[in-house]
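Since the structure comes first, as structure tokens, the remarks are kept for the end.
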Amino acid sequence: MSEQNSTDAPAHRYTAALAASIEERWQDRWEADGTFHSPNPSGPLAAPSPGWHNDGGTPMFVMDMFPYPSGAGLHVGHPLGYIGTDVYARYHRMLGYNVLHPMGFDSFGLPAEQYAVQTGTHPRKTTDENIDRYKAQLRRLGFGHDSRRLLATTDVSYYRWTQWIFLQIYNSWYDVETGRARPIEELEAQFASGARRAATPWDQMSRTEQRKLIDSHRLAYLSEAPVNWCPGLGTVLANEEVTADGRSERGNFPVFKRRLRQWMMRITAYADRLADDLDQVDWPESIKVMQRNWIGRSTGAYIDFAIADGAPKKRHSAPNATIRVFTTRPDTVFGATYLVVAPEHPLLDAIVPDEWPADVPPAWKTADDPSTAVAAYQAQAAAKSDIERSADARKKTGVFTGSYAVNPVNGAKVPVFVADYVLTGYGTGAIMAVPGQDERDWEFAEVFDLPIVRTVQPSEGFDGKAFTGDGPAINSGFLDGLGVAEAKKRIIDWLVENDHGEATTTYKLRDWLFSRQRYWGEPFPVLYDEDGLPVAVPESMLPIVLPEIDDYSPRTFDPDDADTDPEPPLARADEWVNVTLDLGDGPKQYRRETNTMPQWAGSCWYELRYLDPTDEGEFVDPANEQYWMGPTAAKPAGGVDLYIGGVEHAVLHLLYARFWHKVLFDRGHLRSSEPFGRLYNQGYIQAYAYTDARGAYVPADEVVEQDGVYTWHGQPVNREYGKMGKSLKNVVTPDEMCAEYGADTFRVYEMSMGPLDVSRPWETRAVVGSMRFLQRLWRTAVDEETGDLRVTDDEADDATKRLLHRTIDGVRGDLEGLRTNTAVSKLIELTNQVTSTYSAKAATPREVVEPLVLMVAPFAPHLAEELWAKLGHEETLTYHQFPVADPALLTAAEIEYPVQVNGKVRGRITVPADADQAAVGAAALAEPKVAAFLGGKEPRKLIVVPGRIVTVVV
RNA sequence: GCCGGGAUGGAGGAAUGGCAGACUCGGACGCCUCAAAAGCGUCUGCCCGAAAGGGCGUGCGGGUUCGAAUCCCGCUCCCGGCACCA
């Protein structure tokens, strides 16, 4: 040992270097032994595994929202949830559960494709490199993932099943009668047999007409949908990719709303079940609320308003002369003083007369004739982007159509307006306006000086305009005096009896636009025949593999030329696109679908593939799905036992995945009816970022703070709080933390920062606290100078033993509830107690060290394995039983009670734990300071809370 | 505007009707060291006080209770979601 080294830390202190060697060794051993392999009941992964409970262990499936493998790699925020699930999974292995804990990659996506467009590098290459990097980063953190189940959505062996599931959806229709999806052949059989009727009898339709009819019922269907089309980029864009002034976020090109033929998924068919089945899953209430709001179910009624005769020159016959409105307040129909239809309403053309009718207020005549006025307004509305519409929100605009309708309850002639505050996509795209009970209608009525009739008596003291509360009906004929709920029932009965409407339910949820003009996505297993009609690729021809191409960019156009059509990159792969295939009726020419699926597709079902990742015959073996995800008493809809991820996926991913799961359930492929039985949202780790005087970001790790002032190289900087990001120069990576402290320290730190579901700032300098904890723990069992075990078989002292058992009890409860931060603090307390009691002695009692090591194992698995081995155990502790508390040791022999006098603690007494309340009370009154307050008098009240406190009231 | 969540020391947080501030960072002082780092120990909510001790204190104002960070009523501010959905 050299002179300089002699003053260094002791040779066997738990340092980052020692941690690194321990961690690498155990990671190698776990991998070699297949420690975290979870056997399936059936199939290729059914081989037995070490420590597995083949005879009655309860299955438990724990997983994370899998990452997109970005080029930037992981920062310290990403693993928070992964560590949480790993702690939970390791803990449950030690409780005897059969735990499945996999990981994977959501690897289709735009960044790799954009990089490919810029550099010509195949997205596959970029993606694979990024995945390798992520794997290395994840391995360094010591996760107990079953490595055999690692999957990537870009693997052909994975996406062939994504395509297969698409075919299941495509080949299904939703039977409203039975409330579930059924094979499309059964629908065709119903039409063919006459059990179900179409407008034209089945046998009088051409084969093409028949196919179009069937196609219109599929759960995956082609539709002309308005989308954001950006000719300059050659692609359609998501709403999030369009700026407030209607241009592309990337490139700043104009974006046009265009109706294009796109694939849609009929998620709306499942609206009720997606809303109702939330009652069967254990999710945060806030997420359930967000999903319910997104689905947006509201109950009300359709009411039909006939167009009044007379004014229009064009004559109409039923049903075109009727405007059907949707309302949640049919009880207010007596106050409907006008109608409003959306600018896109299909009936608009038919009801607009050639001339203004007589007696129209001059202010309503915004043009020479009604059709000019309406056309101008329609053009103006069409030019507005969604964002502009909402920016103008509440400023009511519209024009009179020149047409009148008849209120069915009182025969009143009411004007029909067109206005953009009525949305075309919701309800019927038409409303009855009741300004007395609706704030928006009131505002519009003020603009056009329309009559306002109250139909609900406002509550006393009400001084607003529209009254939306409950109250007795007024001015409402036979409804007068009824409350809102009762009035609704009565008016709906009346509407039905008189054939003017019916009760109904509407939803905000829209069908899901499912195609993208991208290269790096799953190809659709769809062909077009010579009639241009879609034909499913037979299952036997899957997978449809992405073709190799030279140029990954879509064709671009003159940015201002809206009348162009997207040409996806795949459209240029001529040999791939144009094929001759025999689908059973002889070789024919087909053209392949050249759109690809959105990135959501792969994440819609990955939890299922984890169960059987190597199965080549099925997407998942039913026996495996039943075992890991089948319904149980505690989990009525089945699904993953714990799914942890960020709240940003509250709606889209979680709703789409539930939808696919339910289709597969309906089609008999699954026993679970929900994919995720329990969901938990971890918080975000955020960070401070610093800007200099010019507003440029400076490296956060070079900023120093003194007395609340932040400076960078001497110049003052401004502090912001938010995300971690490369451009913000505040990224801290787990790699850095592992190098500086070790993976175990990093894991402990992330678990101790606070509750898992709360967002909080990252603070590198605080990580050392977790390092110190592990160092102390190491030192209780290992001599820092010699590296020898310093453990004795002597009995531990009573106080330490009792604390140990209280800790066991507390840590079990905390881990069950995912309260990792309080679990860690309890382990630190116990370690501190052991340190202060035994560090000066020759050795620490084994009966304390062993359970402490086992309890630390879920958090710091490498260190725990190392100590466990040093303690003489040859087997991994992964499947060793978690310590069990001895109830006899959970309470102290004596209890110290604080004694309050009038709410303030004035003294303390120590009594035997088994003392009865009277004895505790007597001891409290005898305490000198308490007695002084009493001054010899009897207390007015004496309250003994067993085990807690004594309160005296004088 | 509507819906949801939140506010506790210098910082992260603990306590869900019973001793507010566990545990951790930071800070002060000390030990060890030639020295520094690491490590270890003591103290660390605020105010008065040399100390003993006392007073105040969980965003603000009320209330219930022997007792409230915790329950109830009324506000303020912050974060997230939705946003003309009839």
Side-chain angles (χ1 to χ4, degrees), chain A residues 7-10 13 15 284-290 292-294 296-298 300 325-329 332 336 340 389-390 392-396 419-423 425-434 437-441 443-444 468 506-509 647-648 650-651 684 705 707-708 748-749 752-755 757-773 775-776 779 784 819 821-829 831-832 835-836 839 896-906 908 939-954:
Chain A
T7 55
D8 272 350
R13 171 159 295 170
T15 59
E285 195 52 38
S286 59
I287 302 288
K288 292 188 181 182
V289 167
M290 282 165 76
R292 287 196 193 100
N293 288 346
W294 188 264
R297 175 164 56 191
S298 53
V325 305
F326 172 71
T327 178
T328 55
R329 292 293 304 276
T332 64
V340 185
R389 267 201 185 192
S390 62
D392 297 343
R394 303 193 177 279
K395 249 191 289 165
K396 296 286 176 290
D420 66 2
Y421 84 93
V422 173
L423 307 175
Y426 183 78
T428 60
I431 62 158
M432 63 174 201
V434 187
Q437 266 70 232
D438 185 286
E439 283 164 21
R440 296 151 303 188
D441 295 344
E443 285 170 26
F444 192 86
T468 56
T506 64
Y507 306 86
K508 285 192 224 171
L509 185 68
V647 71
E648 73 271 22
V651 178
Y684 297 111
E705 183 258 321
D707 303 326
V748 169
Y749 177 63
S752 68
M753 288 168 79
D757 58 351
V758 171
S759 295
R760 71 213 89 171
W762 176 260
E763 197 175 9
T764 296
R765 68 176 183 182
V767 180
V768 70
S770 300
M771 181 92 192
R772 289 181 188 142
F773 159 50
Q775 271 179 357
R776 280 198 299 277
R779 208 159 40 226
E784 286 191 326
R819 293 183 299 271
N821 55 324
T822 50
V824 170
S825 81
K826 288 181 175 81
L827 292 168
I828 292 173
E829 278 181 275
T831 303
N832 290 350
T835 305
S836 62
S839 65
E896 188 192 67
Y897 282 93
V899 184
Q900 283 186 344
V901 180
N902 292 343
K904 283 198 183 302
V905 177
R906 298 295 181 178
R908 285 168 193 286
R940 288 205 307 176
K941 231 173 199 179
L942 175 64
I943 300 156
V944 177
V945 185
R948 291 284 195 179
I949 201 167
V950 182
T951 289
V952 182
V953 184
V954 273

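Letters go in sequence order (proteins before strands), and every chain restarts at 1. As the structure is a prediction and not an experimental result, all values here were calculated from the model.
- The partner of B/rA14, taking Watson-Crick or G-U wobble pairs whose two distances both stay under 3.5 Å, does not exist in any strand shown.
- Checked against ring pair (Phe, Tyr, Trp, His ring centres under 6.0 Å), A/Tyr684 has no partners two or more places apart in sequence or in another chain.
- A/Lys826 places its NZ atom 14 Å from the P atom of B/rU24, with the value rounded to the nearest Å.
- If you take atom P in B/rC23 and the same atom in B/rG41, they sit 13 Å apart, rounded to whole Å.
- Of the candidate nucleotides B/rC23, B/rG10, B/rC84, B/rC23 has the atom lying nearest to any side-chain atom of A/Ile828.
- Map A/Val651 and A/Thr506 each onto its nearest nucleotide of RNA chain B; the residue landing nearer the 5' end is A/Val651.
- In a base pair of the Watson-Crick type (N1 to N3 plus N6-O4 or O6-N4) or a G-U wobble (N1-O2 and O6-N3), with each distance short of 3.5 Å, B/rC82 is matched with B/rG1.
- The P atoms of B/rU70 and B/rG18 are separated by 11 Å, rounded to the nearest whole Å.
- One interatomic measurement links the two molecules: CG of A/Leu423 to C1' of B/rA83, which rounds to 11 Å at whole-angstrom precision.
- Under the rule for a salt bridge (charged side-chain N to carboxylate O under 4.0 Å, His left out), A/Arg940 has no partner lying at least two apart in sequence or in another chain.
- Between A/Arg13 and A/Arg779, some side-chain heavy-atom pair lies under the 4.5 Å cut-off.
- Note that A/Lys396 lies outside the cation-pi zone of A/Phe444, set by a 6.0 Å cut-off to the ring centre and a 45° limit from the axis.
- A straight line from OH of A/Tyr421 to C1' of B/rA86 spans 8 Å, rounded to a whole angstrom.
- Taking A/Phe326 as the reference, nothing meets the ring pair (Phe, Tyr, Trp, His ring centres under 6.0 Å) condition, with sequence neighbours excluded.
- The residue A/Asn832 sits close only to the backbone: its heavy atoms come under 4.0 Å of sugar-phosphate atoms, none of a base.
- Within the 3.5 Å criterion, the main-chain N or O of A/Gly947 finds a donor-acceptor partner in the side chain of A/Tyr897.
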N/O to N/O distances under 3.5 Å, protein versus nucleotides 54-59 of chain B:
none

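- Distance check on atom P: B/rG10 versus B/rG81 gives 31 Å, rounded to whole Å.
- In terms of the salt bridge (charged side-chain N to carboxylate O under 4.0 Å, His left out) criterion, A/Asp441 has no residue partners (sequence neighbours excluded).
- In this structure, OH of A/Tyr426 is placed 13 Å from C1' of B/rA83, rounded to the nearest angstrom.
- Projected onto RNA chain B by closest heavy-atom contact, A/Ser286 and A/Arg760 fall at different nucleotides, the more 5' of which corresponds to A/Ser286.
- Of all nucleotides present, none satisfies the Watson-Crick or G-U wobble test against B/rC19 with each distance under 3.5 Å.
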Shorter than 3.5 Å, N or O on both sides, protein versus nucleotides 39-48 of chain B: list them out with atom names.
{"residue": "B/rG39", "atom": "OP1", "partner": "A/Arg772", "partner atom": "NE", "Å": "3.2"}
{"residue": "B/rG39", "atom": "O4'", "partner": "A/Arg13", "partner atom": "NH1", "Å": "3.3"}
{"residue": "B/rC40", "atom": "OP1", "partner": "A/Arg779", "partner atom": "NH2", "Å": "3.1"}

Problem - nucleotides 14-22 of chain B: protein proximity per nucleotide (B base, S sugar-phosphate only, - neither; heavy atom, under 4.0 Å) - result: S---BB--B
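- One P atom belongs to B/rC25, the other to B/rA38, and the distance between them is 12 Å to the nearest Å.
- As a whole-Å value, the separation of A/Lys941 NZ from B/rG67 P is 8 Å.
- When both distances must be under 3.5 Å, the Watson-Crick or G-U wobble mate of B/rC34 does not exist.
- When the C1' atom is used for both B/rG59 and B/rA69, the distance is 12 Å, rounded to whole Å.
- Counting heavy atoms from C-beta on, the side chains of A/Ile943 and A/Gln900 never come closer than 4.5 Å.
- Nucleotides B/rG26 and B/rG12, compared at atom P, are 15 Å apart to the nearest Å.
- Contact annotation: A/Asn293 side-chain N/O to B/rA83 OP1/OP2 distance is not under 4.0 Å.
- In this entry B/rA28 has B/rU42 as its Watson-Crick or G-U wobble partner, both defining distances falling under 3.5 Å.
- Every residue meeting the side chain to side chain donor-acceptor pair (under 3.5 Å) condition with A/Thr822, not counting sequence neighbours, appears here in chain and number order: A/Asp814.
- In the displayed structure, A/Arg292 atom CZ is contacted under 6.0 Å by more than 12 heavy atoms of other residues, nucleotides or ligands.
- Comparing B/rA11, B/rA86, B/rC3 by their closest approach to the side chain of A/Val289 singles out B/rC3.
- In this structure, CD of A/Glu439 is placed 11 Å from C1' of B/rC2, rounded to the nearest angstrom.
- Remark: the separation of the P atoms in B/rG6 and B/rC72 is 12 Å, to the nearest Å.
- Rounded to whole Å, the separation between the C1' atoms of B/rC84 and B/rU16 comes to 41 Å.
- For A/Arg776, the salt bridge (charged side-chain N to carboxylate O under 4.0 Å, His left out) criterion is met by no residue, not counting sequence neighbours.
- If you check every strand for non-hydrogen atoms under 4.0 Å, A/Ser759 touches sugar and phosphate atoms only.
- Take A/Val767 and apply the side-chain contact (heavy atoms from CB on, under 4.5 Å) test, not counting sequence neighbours, and it matches A/Met737, A/Tyr741, A/Thr745, A/Tyr749, A/Trp762.
- Nucleotide B/rU64 forms no Watson-Crick or G-U wobble pair with any nucleotide shown, as no partner meets the under 3.5 Å limit on both distances.
- Remark: B/rG49 base-pairs with no nucleotide; criterion is Watson-Crick or G-U wobble with both hydrogen-bond distances under 3.5 Å.
- Scanning for side-chain contact (heavy atoms from CB on, under 4.5 Å) contacts around A/Pro284 gives A/Ser286, A/Ile287, A/Leu679, A/Asn681, with sequence neighbours left out.
- When each of B/rU24, B/rC25, B/rC66 is scored by its nearest atom to the side-chain atoms of A/Val953, the top-ranked nucleotide is B/rC66.
- Glycosidic conformation of B/rG9 is syn; the angle stays within 90° of 0.
- The salt bridge (charged side-chain N to carboxylate O under 4.0 Å, His left out) check on A/Arg297 picks up A/Asp272, A/Asp276, with sequence neighbours excluded.
- Side-chain contact between A/Asn821 and A/Arg819: present, with at least one pair of heavy atoms (C-beta onward) separated by less than 4.5 Å.
- With a 3.5 Å ceiling on both atom-pair distances, the Watson-Crick or G-U wobble partner of B/rA7 is B/rU76.
- Note: CZ (A/Phe326) to P (B/rC84) measures 16 Å, nearest angstrom.
- Counting any heavy atom pair closer than 4.0 Å across all strands shown, A/Val325 reaches no nucleic acid atom.
- Separating the CE atom of A/Met753 from the C1' atom of B/rG13 is a distance of 11 Å, rounded to the nearest angstrom.
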